[in-house]
Amino acid sequence: MRMSKLFFQTLREVPADAEIVSHQLMLRTGMIRQIAAGIFDYLPLGLRVKQKIEAIFRDEMNAIEGQEVNLPVVHPAELWQRTGRWYEIGDDMARLKDRNGRELCLGMTHEELMADLAQQLVSSYRQMPFMLYQIQTKFRDEPRPRAGTIRVREFTMKDAYSFDLDFAGLDAFYPRIYQSYFNIFHRCGLEVVAVNSDTGMMGGTMAHEFMAITPIGEDTLLICDSCGYSANRQIATARKPQPPVAELLPIERVHTPGATTIAALAEFLNIAETETAKAVFLVAELAGENGKSREQFVFAVVRGDMELNETKLTNAIKARRVRPATVDEIHAVGAEAGYGSPVGIKRDQVLLIVDDLVAASPNLVAGANQVDWHLRNVNYARDYKADIVTDLVAAAEGDACPQCGAALRSVRGVEVGNIFKLGTKYSKAMGATYLDEKGESHPIVMGSYGIGSDRLMAVVAELHNDENGIQWPITIAPYQVSLVSLGTPKTPDVVEAAERIYRQLSDAGIEVLYDDRDERAGVKFNDADLLGIPIRLTVGGKGLKNGIVETKLRRTGAMSEIALDNLLVGVQALIRAELQAIDATLTEEKLV
RNA sequence: CGGGGAGUAGCGCAGGUUGGUAGCGCGUUUGGUUUGGGACCAAAAGGUCGCAGGUUCAAAUCCUGUCUCCCCGACCA
């Protein structure tokens, strides 16, 4: 491609709206342009990167016998109503009506349509297993798009869906897609960690997220450097300390004026925060009769020094969502904010859920459900009983790894992919069944697997750059080689040499971005750096005199020369070396 | 949805308190000189100052409303 003809413009100044590096660089390179919050144009250079990433998706999906399809962006409401998600999902789903008033939505994901497709086409066990995928636009009306193209509303996703006879089939396929995802990320030059994740509204039994570690990440992960345990904080567990062994003492009221926080309480009574119990009041939305939801007051108890993990709680009580209770709601169940106690509440109105460590700890200090009063020596079982006792606390930096006991490390990550064992939730809802050898009907067992190409592109730019611009890995760079001609009208021999080299390399199938613009050397070098083309060739008068062109690697800054009469071989060797550096990152992965 | 910030030329910004014909740098166009890390000289194009009302002889500037964008949080299938 001749840069004199390329539709692009680089910016010297950083657009004011862009805060994170990848967003700034992609705007400055002219790869993307923002249209509205979370909605972007992709210009030729940016689109090439995106398409190269998508080519890797295809390659890896095809390698595990995936078959590409293309399902619509606009979906009839009816399909989403059958699984109930039409009602469960709120404003994140963009809804519209056609001219006849029929309700439609923009696809946020495609489980419904894929299950419907299977329902139509699959009838026999002989047809399975199989896997379908597509690379296609999704729209999610996010409440707050941010971070350039990392969190957007309209995006491109490679979503794949597996269809198996039974769970054993799904379990056998799952490690293959897991490996395939690692291959994709490594081939894009991205290091990721896989973490166990919440299955959330997708339903299902097992899920992994692939996280790129970066401070701009929106998720918090807990990682064990000792044994490799890793999990999203939403579901991470930690080995809990042994509760002390003590004789149960009689319950005792104690006056604690103004001690509404655990810290104040512990200080006032001169005890450790570990000797207190903390009450958290929430209202959960639970599934009720015939698809409707009902609200339930939830009283959660964790040890005073620990934080409640709302995702764990939500999952434990199978709620759709939870919100903080209002003061009136707290009073209505006989509790008192700041002095909450599981002892003496209106037990029939409250779903009481207690962290397992609290249940095992003797003689804790809890509230008295009365302003300025607490209770000493509150003991589970003797003084109160919960509806559920389970792990409810958020794992934190320094906690003991649940597998090996070493200290956990907390880092931020961006989710660049996820894989779910869906099970039969969608196939049952859509009636996607098959007949086995005996003629018996069974629901198809599904899995769902997603990666966003635009987010992946942004994350790679976020992690591969320096003060001069992006450093694209050669596998996804818009061009492999940047050919900088320093020729001017006064040096026609240099111009001719550059033209000849451009033809030679292009004819050999090398992707060359040829800077034939009437610009000074500095402009061309700076643009080549900014755009992040991995290999730069400089054709100038000095080099030509000596029969060479100069080379520079964007990734390392390493410079060398290639003799003109050996040019093609030399450039191919550079490309091969860059590709090998990527190949060297490919690994065999075991499920964490 | 709660909190904070911002909308003036393609990009970055000034002007606003004290109302009086809208400015700077980069980029763009033309001509000339230059030409190995963002050149120089000269000329030029380009803005209903987010939008709508209001106050006023007069509004980018003051008042009211509204829309949009960014950041923090809530949310995130």
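It should be emphasised that the depicted structure is a prediction, and the values quoted were computed from it without experimental measurement. Residue numbers start from 1 in every chain, and the chains themselves are labelled A, B, ... in the order their sequence lines are given, proteins ahead of strands.
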Inset, instruction - Using a 4.0 Å heavy-atom cut-off across all strands, classify Val14(A) as base, sugar-phosphate, or nothing. - result: sugar-phosphate

Inset, instruction - Quote, to the nearest angstrom, the C1' distance that separates G36(B) from G50(B). - result: 46 Å

Inset, instruction - Could you run through nucleotides 24-37 of chain B and give me one letter per nucleotide, 5' to 3': B if any protein heavy atom sits under 4.0 Å from the base, S if only the sugar-phosphate is that close, - if neither? - result: -BSS------BBBB

Inset, instruction - Could you name each residue pair satisfying salt bridge (Lys or Arg N to Asp or Glu O under 4.0 Å) that touches residues 2-16 of chain A, not counting sequence neighbours? - result: Arg2(A)-Glu499(A), Arg2(A)-Asp516(A)

Inset, instruction - Using Watson-Crick or G-U wobble geometry with both distances below 3.5 Å, tell me the partner of U61(B), or none. - result: none

Inset, instruction - Would you mind reading off the distance between Phe7(A) atom CZ and G10(B) atom P, rounded to a whole angstrom? - result: 15 Å

Legend entry - ring pair (Phe, Tyr, Trp, His ring centres under 6.0 Å) between Phe281(A) and Phe299(A), worked out: CA-CA 5 Å; Phe281(A) 309 114; Phe299(A) 191 125; 5.1 Å; yes

Legend entry - Arg455(A) CZ to A77(B) C1', straight-line distance once rounded to whole Å: 13 Å

Inset, instruction - Find the distance Arg323(A):CZ to C75(B):P and express it as a whole number of Å. - result: 13 Å

Inset, instruction - Evaluate whether atom CD of Glu68(A) has more than 12 neighbouring non-hydrogen atoms of other residues, nucleotides or ligands under 6.0 angstrom away. - result: yes

Inset, instruction - Determine which pairs satisfy ring pair (Phe, Tyr, Trp, His ring centres under 6.0 Å) with at least one residue from residues 517-545 of chain A, sequence neighbours left out, and list them in order. - result: none

Inset, instruction - Write down the distance separating the P atoms in G53(B) and U17(B), rounded off to the nearest Å. - result: 23 Å

Legend entry - Atom-pair distance (CD on Glu285(A); C1' on C75(B)), nearest Å: 14 Å

Legend entry - Touch class at under 4.0 angstrom, heavy-atom based, for Arg33(A) against every strand present: nothing

Inset, instruction - Any strand is fair game: report the nucleotide pairing with G12(B) by Watson-Crick or G-U wobble, both distances under 3.5 Å, or none. - result: C24(B)

Legend entry - Exercise: do Glu111(A) and Ser448(A) side chains pair donor with acceptor under 3.5 Å: yes

Inset, instruction - Using Watson-Crick or G-U wobble geometry with both distances below 3.5 Å, tell me the partner of U18(B), or none. - result: none

Legend entry - Atom C1', compared across C24(B) and U8(B): separation rounded to whole Å: 12 Å

Legend entry - Asn70(A) atom CG: more than 12 heavy-atom contacts under 6.0 Å: yes

Legend entry - Residue met sooner reading RNA chain B from 5', once Met93(A) and Lys524(A) are mapped to nucleotides: Lys524(A)

Legend entry - Nearest-angstrom distance, C1' atom, C67(B) to C51(B): 7 Å

Inset, instruction - Please measure how far the C1' atom in G5(B) lies from the corresponding atom in U48(B), and state the result in whole Å. - result: 27 Å

Donor-acceptor pairs under 3.5 Å, side chain of residues 531-548 of chain A to any protein atom, not counting sequence neighbours: which ones?
{"unit_1": "Asn546(A)", "atom_1": "ND2", "unit_2": "Lys542(A)", "atom_2": "O", "d": "3.4"}

Inset, instruction - Hey, could you give me the CZ/CE distance between Phe155(A) and Met108(A), rounded to the nearest 0.5 Å? - result: 8.0 Å

Inset, instruction - Provide, to the nearest angstrom, the distance between the CG atom belonging to Asn418(A) and the P atom belonging to A77(B). - result: 9 Å

Legend entry - Under the ring pair (Phe, Tyr, Trp, His ring centres under 6.0 Å) test, residues paired with Tyr514(A) that sit two or more places apart: Tyr502(A)

Legend entry - Gap in Å between the two P atoms, one belonging to C57(B) and one to G46(B), rounded: 34 Å

Taking only nitrogen or oxygen atoms into account, show me every contact under 3.5 Å that the protein makes with nucleotides 71-74 of chain B, one pair per line with its distance.
{"unit_1": "C71(B)", "atom_1": "OP1", "unit_2": "Ala147(A)", "atom_2": "N", "d": "3.4"}
{"unit_1": "C72(B)", "atom_1": "OP2", "unit_2": "Arg144(A)", "atom_2": "NH1", "d": "3.4"}
{"unit_1": "C72(B)", "atom_1": "OP2", "unit_2": "Arg144(A)", "atom_2": "NH2", "d": "2.8"}
{"unit_1": "C72(B)", "atom_1": "N4", "unit_2": "Arg144(A)", "atom_2": "NE", "d": "3.4"}
{"unit_1": "G73(B)", "atom_1": "N7", "unit_2": "Arg144(A)", "atom_2": "NE", "d": "3.4"}

Inset, instruction - Run the ring-centre check on Phe210(A) versus Phe185(A) and record whether the distance is less than 6.0 Å. - result: yes

Legend entry - Counter-base of C40(B), judged by Watson-Crick or G-U geometry with both distances under 3.5 Å: G32(B)

Legend entry - Spacing of Arg517(A) atom CZ relative to A39(B) atom P, expressed in whole Å: 12 Å

Inset, instruction - May I ask which nucleotide in the shown strands pairs with A77(B), Watson-Crick or G-U wobble, both distances under 3.5 Å? - result: none

Legend entry - Euclidean distance, atom OH of residue Tyr87(A) to atom C1' of A77(B) [Å, nearest integer]: 17 Å

Inset, instruction - Could you tell me whether the side chains of Thr214(A) and Arg412(A) share a donor-acceptor contact shorter than 3.5 Å? - result: no

Inset, instruction - Could you tell me whether Glu218(A) contacts a base, only the sugar-phosphate backbone, or nothing, with contacts defined as non-hydrogen atoms closer than 4.0 Å? - result: nothing

Legend entry - G27(B) and G12(B), which share atom name C1', separated by this distance in whole Å: 11 Å

Inset, instruction - Look through every strand shown and name the nucleotide pairing with C69(B) as Watson-Crick or G-U wobble, where both distances are under 3.5 Å. - result: G5(B)

Legend entry - 5′-ward residue of the pair Ala18(A)/Leu530(A) relative to RNA chain B: Leu530(A)

Legend entry - Atom pair distance, as rounded to whole Å: CE in Met157(A) and C1' in A77(B): 9 Å

Legend entry - Interatomic spacing from CG in Leu591(A) to CD1 in Ile419(A) - rounded to 0.5 Å: 7.0 Å

Inset, instruction - Go ahead and name the base partner of U55(B); Watson-Crick or wobble counts if both distances stay under 3.5 Å, otherwise write none. - result: none

Legend entry - P-based separation of G19(B) from C63(B) [nearest Å]: 12 Å

